[in-house]
Amino acid sequence: MPISHVLSFEGGRVETQEDESVLNALLRAGLNPAFSCKSGSCQTCMLQAESGDIPERAQRVLPMHLRRLRYFLPCRCMPTSAMSLRRPHPNDLVTGCQLCEANVQEDGRLELVFETGRPIKYRTGQQLRILVTGRDDEPVLTLTSSPERDMLMIGIIDAQAARHLPPEMQGQMSDEEVFGFAFEVRGPFDDVPPRELPSPEADATLWDELGGDTRVRAVLEAFYTKVYADEQLAPFFVKVTRDRAIDKQFSFMKQCVTGEKIYMGDRPRNAHHWMIITHELFDHRQSLMLATLKEHGLTDELIARWTAYEEYFRPDIVKSAKLPRYLGDQPIINTSGVTREVIGESTVCDHCQSEVLAGETVLLHHHMGTISCGRCADVEAVAE
Ligand code: HEM
Ligand code: FES
C-alpha cells in the first residue's frame, strides 16, 4: 500500500499521494501555495516546517540561517512524515541585493534602485528593512516600483533613516562606486508604519506679521477659490465643501505657526492617505498659493516663512501609491466597506465635526478613511 502523509497548511489538510511533492499536494488541495519554477531554483515556494522531518535534498540550496529555522523548498520535497507548514515570516527573509542607483530627492529623501539576488514577491507600498552592520534599527525602505511594470526594484527612505546607511548608498558617491554595491534586506512587510512628521517649530511673530486671523482667512478664501476652479486640484475636493477646506487649513496652519492647540482633525499623512499626489502636483498647488500670497501684498520674506510650513509636510503628502490610514500605530488594511473600530487617538467626526475621544467606538468608512462618531453612526444605521 502506498505511503501517504498528512500535510497541514493555513487551516487546510491534504494527504500526499505516491511520488508527490509537498508543493503538488498543496496545489492539488487548492491550498494556494506560492510557486514559480517548480524545480528548486527560484525559491518562491519556500515554506517553514513547524513540525515533521525535512529531507536534506529539500534544504540543500538554502542559506544556513534558513535551514536552521526549518525552511525548505516544497517543490524539492518528497515528504517522509506528516508536516505542519506555514508561510515564511518576513523577518526571516533576508535577500541579497545589488545597488544600481542612489538618488537624493528634492525633499531630502533617498531613492534606491536595485536588483535582488532572488525574486521577491511584493506589492507597491510594502516595505523592506535594510540590514546595516552594527545597528538594530534597520532603515525602512518603502517600495515605489511595481512588480508588473518594473524590472528593477525602487524604494524610498526617509532622510533621517538614510543617514545610517553605508556611504555608497547615500547618493553622494560616484556612479562606479554605487553600481553593484552589495547590501541585504529583510521583508517585504506590510506593517512598518511610516514615520509621521512631528509638528514644526512655531514662529512667534509670523501670524501677526501676516496680518492675523483676518488676512490669513482672506488669503485662504482666495486660494481655495482657485483650487476649486483648478482642473488638476478640484477632483480631489469633490466630497469636501470649500468652507470646510478653508476652516481646516486655517486652524491647522494657525496651530503650526503659533503653537496654539486649536486644530482638531487628521494630521497630513492620514488626511491625504488615499490621494496620489506627485511632486509636480504639489508644486502646482504651491504656485497657486504663491500667486495668492502675492496678490495679498505679502513680502517675499513673509511668503518664504509661510510656505516653509507647507513644504515641511511635503514628505507626508507626496507619494506614488496610496497609504493605509492609521489609527495610532495600527494600519487599517481592509480598504473596502465599513467596520466599527475603537479609536486610539482623539479626533473629530467627519460628519458632524464633534470631538471623538480616544477609546470611543466609531464607524470607519475604509475607502475614504472617514469616521462617524457614535451618534452619526446610529443615524447612518437607521438610514440603511
Ligand atoms: C497638492 C497638494 C494637496 C492636495 C491635493 C490636498 C488635498 C486635500 C483634500 C482633498 C483634503 C480634504 C480631505 C477630507 O476632508 O477628507 C485635504 C485636507 C487637508 N489638507 Fe491637504 N492637500 C494638499 C496639500 C496640503 C498641504 C501642503 C497641507 C499643509 C501644509 C495640507 C493640509 C491639509 C489639512 C490640515 C487637511 C484637513 C484634514 C482633516 O480634514 O482632518 N494639504 N487636503
Ligand atoms: S517553485 Fe521555484 S524553488 Fe520551488
Side-chain angles (χ1 to χ4, degrees), residues 21-24 26-27 33-47 57-62 66 71-77 88 107 118-119 121 196-197 199-200 216 220 223-224 226-228 230-257 262-290 306-319 325 345-351 353 355-356 365 367-372:
S21 68
V22 170
L23 179 64
N24 283 339
L26 297 177
L27 285 169
F35 71 99
S36 179
C37 72
K38 279 190 154 188
S39 63
S41 53
C42 72
Q43 300 185 11
T44 309
C45 64
M46 188 165 69
L47 293 179
R57 176 172 181 267
Q59 284 195 309
R60 205 176 290 154
V61 297
L62 296 181
L66 290 180
Y71 281 98
F72 72 103
L73 297 178
C75 68
R76 307 293 282 167
C77 181
D107 58 16
R118 65 179 183 86
K121 199 162 176 256
E196 168 139 358
L197 287 169
S199 297
V216 175
L220 290 178
F223 170 67
Y224 279 103
K226 289 191 187 21
V227 166
Y228 276 71
D230 184 87
E231 59 175 36
Q232 289 184 64
L233 291 168
F236 288 91
F237 288 85
V238 279
K239 295 218 168 133
V240 187
T241 65
R242 187 174 146 277
D243 283 352
R244 178 186 144 109
I246 294 169
D247 283 349
K248 290 276 181 181
Q249 198 68 13
F250 176 87
S251 52
F252 179 75
M253 290 300 281
K254 186 166 180 185
Q255 176 163 315
C256 289
V257 173
I262 52 159
Y263 172 70
M264 284 202 295
D266 273 333
R267 297 190 48 84
R269 186 188 70 191
N270 255 352
H272 306 88
H273 78 106
W274 57 271
M275 304 174 213
I276 296 179
I277 297 175
T278 58
H279 279 294
E280 289 72 29
L281 185 66
F282 195 97
D283 291 344
H284 174 62
R285 177 202 188 266
Q286 293 315 94
S287 71
L288 294 188
M289 179 56 86
L290 181 67
W306 167 271
T307 47
Y309 281 97
E310 298 181 321
E311 282 296 339
Y312 176 85
F313 290 103
R314 188 186 276 259
D316 271 353
I317 293 175
V318 170
K319 57 196 162 315
R325 187 180 156 90
E345 274 173 30
S346 300
T347 179
V348 284
C349 170
D350 288 299
H351 295 264
Q353 313 300 316
E355 192 172 6
V356 181
H365 299 259
H367 174 61
M368 293 299 288
T370 55
I371 58 159
S372 312

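Here the structure is a predicted model, which is why all the values come from computation and not from measurement. One-based numbering along the sequence shown. Both ligands and their constituent atoms are indexed starting at 1 by order of listing.
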- ligand 1 atoms nearer than 4.0 angstrom to some heavy atom of Phe282 are 1 (C), 27 (C)

- Task: Could you tell me whether the side chains of His284 and Asp230 share a donor-acceptor contact shorter than 3.5 Å?
- Result: yes

- Proximal candidate to atom 28 (C) of ligand 1 [heavy atom criterion; set Arg267, Gln255, Glu310, Gln249]: Gln249

- Task: Check Val61 against Gly40 and note the closest heavy-atom contact, atom names and distance.
- Result: CG2-O, 4.0 Å

- Task: Out of Gln232, Arg244, Gln286, Met264, indicate the one that has the non-hydrogen atom closest to atom 40 (O) of ligand 1.
- Result: Arg244

- So OG of Ser36 and CD of Gln43: to nearest 0.5 Å the spacing works out to 12.0 Å

- Note on the structure: Result for ring pair (Phe, Tyr, Trp, His ring centres under 6.0 Å) between Phe252 and one of Tyr312, Tyr263, Tyr309 points to Tyr263

- Which protein N, O or S atoms does atom 2 (Fe) of ligand 2 have within a distance shorter than 2.8 Å? Cys37 SG, Cys42 SG

- Task: For Ala271, counting its heavy atoms only, list the atoms of ligand 1 lying under 4.0 Å from any of them.
- Result: 38 (C)

- Determine the minimum heavy-atom distance between Leu47 and Leu26, stating which atoms define it. CD1-CD1, 3.7 Å

- Query: Thr278 side chain to Leu281 main-chain N or O, any donor-acceptor pair under 3.5 Å?
  - Reply: yes

- Atoms of ligand 1, numbered as shown, that sit under 4.0 Å from any heavy atom of Ile317: 24 (C), 25 (C), 26 (C), 27 (C), 28 (C), 42 (N)

- May I ask you to identify, for His284, whether its side chain, its backbone, both or neither come under 4.0 Å of ligand 1 on a heavy-atom basis? neither

- Please work out whether any backbone atom (N, CA, C, O) or any side-chain heavy atom from C-beta onward of Arg314 is under 4.0 Å from ligand 1, and answer side chain, backbone, both or neither. neither

- Query: If you take all heavy atoms of Ile276 and Phe236, which pair is closest and at what distance?
  - Reply: O-CZ, 3.8 Å

- Parallel, tilted or perpendicular: ring planes of Tyr224 versus Phe237, cut at 30 and 60 degrees: perpendicular

- Note on the structure: Note: Ser21 and Pro74 closest approach over all heavy atoms is CB-O, 3.7 Å

- Message: Under 4.0 Å from a heavy atom of Ile277: which atoms of ligand 1 are those, numbered in the order shown and with their elements?
- Response: 1 (C), 3 (C), 4 (C), 5 (C)

- Going by the 4.0 angstrom heavy-atom rule, the piece of Val240 near ligand 1 is side chain

- Task: Have a look at Tyr263, Phe252, Phe237 and point out the one with the heavy atom closest to atom 37 (C) of ligand 1.
- Result: Tyr263

- Taking all heavy atoms of Cys77 and all of Ala58, pick out the closest pair and write down the distance. CB-CB, 3.6 Å

- Note on the structure: Nearest non-hydrogen contact to atom 24 (C) of ligand 1 from the set Met275, Lys248, Arg285 belongs to Arg285

- Which atom pair, heavy atoms only, marks the closest approach of Tyr71 to Gln59? O-NE2, 2.8 Å

- Examine the proximity of ligand 1 to Tyr312 and report which part, side chain or backbone, both or neither, has a heavy atom under 4.0 Å away. neither

- Message: Counting only nitrogen or oxygen atoms and a 3.5 angstrom limit, does His272 reach ligand 1?
- Response: yes

- Item | Those atoms of ligand 1 less than 4.0 Å from some heavy atom in Gly265 | 41 (O)

- Leu73 CG to Leu66 CG distance, which is reported to the nearest 0.5 Å: 9.5 Å

- Message: Going by the rule salt bridge (charged side-chain N to carboxylate O under 4.0 Å, His left out), which residues pair with Lys38 if we only count those two or more places apart in sequence or in a different chain?
- Response: none

